[in-house]
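Comments concern the structure below.
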There are 2 protein chains.
Amino acid sequence: MFGDMEAPQAMAPLFDYLNAIAELSQEERDYLLAHAEVIEVAKGEYLLEAEKCSKDFYFVIQGAVRMYYPVEGEEKTAFFYLENSFISSYESFLKQTPARHGFQCLENCRLVAISRAVTFEILDRFPKFDLLTWSIQTEELIMYQNLVATFITLSPEQRYLHLLQEHPDWLQRINLHHLAGYLGVTPETLSRIRHRVALR
Amino acid sequence: MFGDMEAPQAMAPLFDYLNAIAELSQEERDYLLAHAEVIEVAKGEYLLEAEKCSKDFYFVIQGAVRMYYPVEGEEKTAFFYLENSFISSYESFLKQTPARHGFQCLENCRLVAISRAVTFEILDRFPKFDLLTWSIQTEELIMYQNLVATFITLSPEQRYLHLLQEHPDWLQRINLHHLAGYLGVTPETLSRIRHRVALR
DNA sequence: TTTTCTCCTTGACTATCGTCAAGAAAGTTT
DNA sequence: AAACTTTCTTGACGATAGTCAAGGAGAAAA
């Protein structure tokens, strides 16, 4: 998919992200270049369908991905992953159980995909990646703790205002139907919240 | 606080928990016995007050602890930690930032407390603890992901029914005021939900 | 340009929630 | 036992959310 000169450039955002935590050696970079894959996934396609087993670990180079839960035939959106985010269904990926949620691309995406086999091979071969995965996972945990806090401590309207502050870019790139799911309300309610807020 | 014979017994639940992930060596057990502390904390006391920096990592041997967020003078309960749970404000503990939430004992508790210094010393000295902390943190992350899912996919009444199934013991040990917070509703609403549910 | 499709809004109605206030019920203390 | 405290319930009312249905705005396709 990439010539010799292109792949390194394509993975640059991933290297930048990892280097900020712990400087990678040339050997580590080469291993990733050789064993991780840069893939293009079209808008609307699924990275993982709910109820299936997660086979890959992803890093978003370009694009937007939503996480959703299937509920009575519908797909309720729970979270979004944009540039420089890792995507994994940890429970399914690690335990090889059917995933409770799925991932769908909301835009044409460019991702780094790392298979289970390669993930474990890297962890086995390069001890530094223990620290990296730990760090990545810690950030994910903190993010989820804060997300739970918004449900416990804020009303739907306050969560919308909070969203405006924390992720103004999401409003530009993600439709209100999906944002409503993230806020835990129906699209109609979000529309009315926006109406109320606009009046002040 | 403990004679030579008592401390090992007191920490047995922690060793059991860790052994189930990766068998501890005698040296590792001895190090924990020498550097981790078994403490008794009275009902109502705080393990960590919101806005302060987390100094310790805890394991619950006996008792119940609630996690809360301060909101406009009130304390909104977000989660509970009972026997065989680890308690940590990861963000505050790791980054030494003021914690957004606090922890309060709801019963007289017996806990293992491990200080920051000892935590890092253990991680440095015994590589096995990388796996252990990673495993513990992964479980915590999965738990939070599933908790977010209950807010996205379920109504307050459905969350209450879900709570009955998943944690029937909580209803015996935790008052409805605190459980209401966990469900994201007021105590009055929880009371009415229980009334509705009882009629069927 | 017209048609079609997707996305967003609005209306009407019902159900549920939050709030404030009062009152039971249960458990403690004196 | 009586007084007190804590916990839980109930009532009344206004605000907000869910649901079903219809309609409008804009983008993409014909």
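Reminder, nothing fancy here: chain letters follow the sequence lines and each chain counts from 1. This is a predicted model, so every value here is computed, not measured.
- Counting heavy atoms from C-beta on, the side chains of Leu111(B) and Leu47(B) come closer than 4.5 Å.
- With 3.5 Å as the limit, one finds a donor-acceptor pair spanning the side chains of Ser25(B) and Glu28(B).
- With Glu75(A) as the fixed residue, the side-chain hydrogen bond (donor to acceptor under 3.5 Å, both in side chains) test singles out one of His101(A), His178(A), Arg66(A): Arg66(A).
- Proximity of residues 171-179 of chain A to DNA chain D (heavy atom under 4.0 angstrom from any strand atom) is not detected for any residue.
- Taking the ring centroids of Tyr31(B) and Phe126(B), they lie under the 6.0 Å cut-off.
- In this structure, Glu157(A) atom CD and dG18(C) atom P are separated by 14 Å, rounded to whole Å.
- Distance, Leu154(B) CG to dG18(D) C1': 15 Å, rounded to whole Å.
- Remark: C1' of dA27(D) and NZ of Lys43(A) are 11 Å apart, rounded to the nearest angstrom.
- Within residues 184-196 of chain A, the residues that have a heavy atom under 4.0 Å from DNA chain C are, in order of number, Glu188(A), Ser191(A), Arg192(A), Arg194(A), His195(A).
- Nucleotide dC17(C) holds its P atom 11 Å from the CD atom of Gln158(B), rounded to whole Å.
- Glu91(A) and Thr97(A) form no side-chain donor-acceptor contact under 3.5 Å, judged by distance and modelled atom types alone.
- Leu199(A) has its CG atom 15 Å from the P atom of dA15(D), to the nearest Å.
- For Tyr68(B) and Phe103(B), the gap between ring centers reaches or exceeds 6.0 Å.
- There is a side-chain donor-acceptor pair under 3.5 Å between Tyr160(B) and Arg194(B).
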**Request:** Apply side chain to side chain donor-acceptor pair (under 3.5 Å) to the pair Thr138(A) and Ser135(A), showing each step before the final yes or no.
**Result:** CA-CA 5 Å; Thr138(A) 299; Ser135(A) 173; over 6 Å; no
